[in-house]
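Note that the structure is a prediction, hence the values are computed from the model and not measured. Every heavy atom of this structure was used, including side-chain atoms; hydrogens, water molecules and symmetry mates were not. A, B, ... follow the sequence lines: proteins, then strands. Residue 1 opens every chain.
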Amino acid sequence: MALTAVKGFNDILPDEAARWRHIEQTARRVFEQYGFGEIRVPVMEKTELFCRSIGDATDIVEKEMYTFVDKGENSVTLRPEGTAGVMRAFIEHKLYAQDPVARLYYMGPMFRYERPQKGRYRQFHQIGAELTGVTDPLADAQVLTMLTLFFREIGLQEPTLQINSLGCPDCRPAYRAALRVYLEERLGLLCEDCKRRYDTNPLRALDCKVPGCAEATSAAPSVLEHLCTGCDEHFGLVRHYLELSGTDYRINSRMVRGLDYYTRTTFEMVTGLLGSQSAVAAGGRYDGLISQLGGPALPGIGFAMGVERVALLLGSQDFSTTPDLFIATMGQGERELAFTLMDGLLKGGFRVEMDYEGKSLKSQMRRADKLKANYSVVIGGNEVAAGSASFKRMADGSTTGVPLTVSAIQTFLSGALR
RNA sequence: GUGGCUAUGGUGAAGCGGUUAACACAUACGACUGUGACUCGUACAUACGAGGGUUCAAAUCCCUCUAGCCACCCCA
């Protein structure tokens, strides 16, 4: 293989691209129904944006970013996630001045320098949505019901919603401290990673997969019991609204986020079908982010879903389209007529194919079959003489005689295809 | 960054030191003389990830490299 794609960067071939389009179109339809508008932001931003939003000490910033210095000596990086850029644009263009309640969605490639594995690539794609300016739990519920509806519309039962609250800058430090106290007594039982986490990010120890750690932390204090009054009420109302809307969810008080900007509500759509990549979509509230990036003190909440992962869940469902009609021909003169008919039908909105190279009738019919054409027609001397031909429905072989004019065929096809 | 596994044609794969690299699918053309799906025939890897080495002889053994996959870390 002389030249190949960069490691972790994949080609999306036509059959799979069709599945992706289905995902994207469903997202657009559902999100726009909820009043979200698309925003398109660059795939590259100043490095500082991500350091400030995602968090300097975060794995993403520490070791996973595609960062380099451009010819103007600016440090730039390929976006590892979408929220930061969208919020930067929201602030830069003062969208909040028009309406602090912005509902934005985006889709596109993200880049993270990690070892590729199932459902995880260096260039991957996310579809995300952000809602700003609303502190009320109604916003949380709205975003969650929208996400749930998306999965229902796409035809997936599997991912289930898990929610949690991480508290706010008022109550989280206290919880952290309480957790540290608990962990300190059991440091000896923890794996090496968790010992390290004890210092850097004790919450991470809660979702460690090492059996010993799971056991050691089984009785650990729960965030939910350490929420301040405001956060507790907020979380209670989120749950209340979810119940009002009949949205299924599970509380997972051990759910942790990888980005620093999250506050209060966090959530994931999880599945057991993707190996170790259980999160298909994830997000949460980020009430401090906008002001942290130099904007007004507005709250926000949003999520992102991994398109590759959703596509994997959709499996091999076929979303490709098939021709309405295949025209087979017998001779050169007939090919001209066929071309004219095909051209007219294509301009009329039908999907039509014919043979390109004057192959045998047998070959042409095989091709019609392979392309899964709904109808086929053979045009030879007899048909030209008669001015009509029999159109064969490939599924059952039944035929119908139709005059060989664009309008007659159009009428026939519209009725036949319904 | 760490670990495990795997690398044979368009695809799935046989092959485990010895003349022409099974078989299947896919593809192309044809048998069925102007009509597909079934059946049948023919064609289709000077080539076994790359580079070295061992040997009279290697796709088959050894080494190095590269790539892919899966897992850890972390994450969508």
Taking the [atom1] atom in each of [N] and [M], what is the distance between them to the nearest angstrom?
{"N": "B:A45", "M": "B:U11", "atom1": "P", "answer": "14 Å"}
{"N": "B:G53", "M": "B:A71", "atom1": "P", "answer": "39 Å"}
{"N": "B:C63", "M": "B:U54", "atom1": "C1'", "answer": "11 Å"}
{"N": "B:U6", "M": "B:U42", "atom1": "C1'", "answer": "35 Å"}
{"N": "B:A76", "M": "B:C16", "atom1": "P", "answer": "49 Å"}
{"N": "B:U46", "M": "B:U20", "atom1": "C1'", "answer": "11 Å"}
{"N": "B:A57", "M": "B:C44", "atom1": "C1'", "answer": "29 Å"}
{"N": "B:C75", "M": "B:A59", "atom1": "P", "answer": "48 Å"}

Separation of atom [atom1] in [X] from atom [atom2] in [N], rounded to whole Å:
{"X": "A:Leu371", "N": "B:U27", "atom1": "CG", "atom2": "C1'", "value": "14 Å"}
{"X": "A:Leu147", "N": "B:A76", "atom1": "CG", "atom2": "C1'", "value": "12 Å"}
{"X": "A:Arg122", "N": "B:A67", "atom1": "CZ", "atom2": "C1'", "value": "12 Å"}
{"X": "A:Met65", "N": "B:A76", "atom1": "CE", "atom2": "C1'", "value": "17 Å"}
{"X": "A:Tyr121", "N": "B:C70", "atom1": "OH", "atom2": "C1'", "value": "11 Å"}
{"X": "A:His125", "N": "B:C75", "atom1": "NE2", "atom2": "C1'", "value": "17 Å"}
{"X": "A:Ile127", "N": "B:A76", "atom1": "CD1", "atom2": "C1'", "value": "11 Å"}
{"X": "A:Lys7", "N": "B:G1", "atom1": "NZ", "atom2": "C1'", "value": "12 Å"}

Against the side chain of A:Lys118, the closest entry in B:A71, B:C75, B:G68 is B:A71

Closest of B:C69, B:A76, B:C70 to the A:Gln117 side chain is B:C70

Which is true for [X] with a 4.0 Å heavy-atom rule: it touches a base, it touches only sugar-phosphate, or it touches nothing?
{"X": "A:Glu268", "answer": "nothing"}
{"X": "A:Leu259", "answer": "sugar-phosphate"}
{"X": "A:Ala281", "answer": "sugar-phosphate"}
{"X": "A:Ala368", "answer": "nothing"}

Under the 6.0 Å and 45° cation-pi test, does A:Arg257 pair with A:Tyr262? yes

Give a yes/no verdict on a cation-pi contact between A:Arg112 and A:Phe124, requiring under 6.0 Å between NZ or CZ and the six-membered ring centre and an angle within 45° of the axis. no

Base of B:G3, side chain of A:Arg115 - is there a donor-acceptor contact under 3.5 Å? yes

Assess the residue pair A:Phe267 and A:Tyr249 against the criterion (ring-ring contact (aromatic ring centres under 6.0 Å, His included)); give the C-alpha distance rounded to whole Å, side-chain angles, the decisive distance to 0.1 Å, and a yes or no. CA-CA 10 Å; A:Phe267 52 89; A:Tyr249 69 92; over 10 Å; no

Partner of A:His226 by ring-ring contact (aromatic ring centres under 6.0 Å, His included), out of A:Phe235, A:Tyr175, A:Tyr182: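 The residue from A:Phe235, A:Tyr175, A:Tyr182 that satisfies ring-ring contact (aromatic ring centres under 6.0 Å, His included) with A:His226 turns out to be A:Tyr175.
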
What residues form a side-chain hydrogen bond (donor to acceptor under 3.5 Å, both in side chains) with A:Arg264, not counting sequence neighbours? A:His234

With a 4.0 Å limit, can you tell me whether [X] has a side-chain N or O closer than that to the phosphate oxygens OP1/OP2 of [N]?
{"X": "A:Ser360", "N": "B:C29", "answer": "no"}
{"X": "A:Gln126", "N": "B:A76", "answer": "no"}
{"X": "A:Ser363", "N": "B:A28", "answer": "no"}

Do A:Phe412 and A:Phe391 have ring centres separated by under 6.0 Å? yes

Aromatic ring centroids of A:Tyr105 and A:Phe36 under 6.0 Å?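 Ring-ring flag for A:Tyr105/A:Phe36: false, centres at least 6.0 Å apart.
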
Taking the side chain from A:Thr148 and the backbone from A:Leu144, do they hold a donor-acceptor pair closer than 3.5 Å? yes

For nucleotides 31-38 of chain B, just jot down a letter per nucleotide in 5' to 3' order: B, S or -, based on protein non-hydrogen atoms under 4.0 Å. BB-BBBB-

Determine which bases of RNA chain B form Watson-Crick or G-U wobble pairs with both distances under 3.5 Å, and write the result as a 5' to 3' dot-bracket string with | for other-strand partners. ((((((((.[[[..)..(....]]].(((((.......))))).....[[[[[..)....]]]]])))))))....

Mind telling me whether A:Phe31 and A:Phe150 have parallel, tilted or perpendicular rings, with 30° and 60° as the class edges?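 The arrangement is tilted - the two ring planes meet at 30° to 60°.
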
Heavy-atom distance under 4.5 Å between the side chains of A:Thr322 and A:Asn374, does that happen here?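 They are in side-chain contact.
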
Nearest-nucleotide wise, let me know which of A:Gly8 and A:Tyr113 is further upstream toward the 5' end of RNA chain B. A:Tyr113

Would you give the length of the straight line joining atom CD1 of A:Ile290 to atom CZ of A:Phe90, rounded to the nearest 0.5 angstrom? 5.0 Å

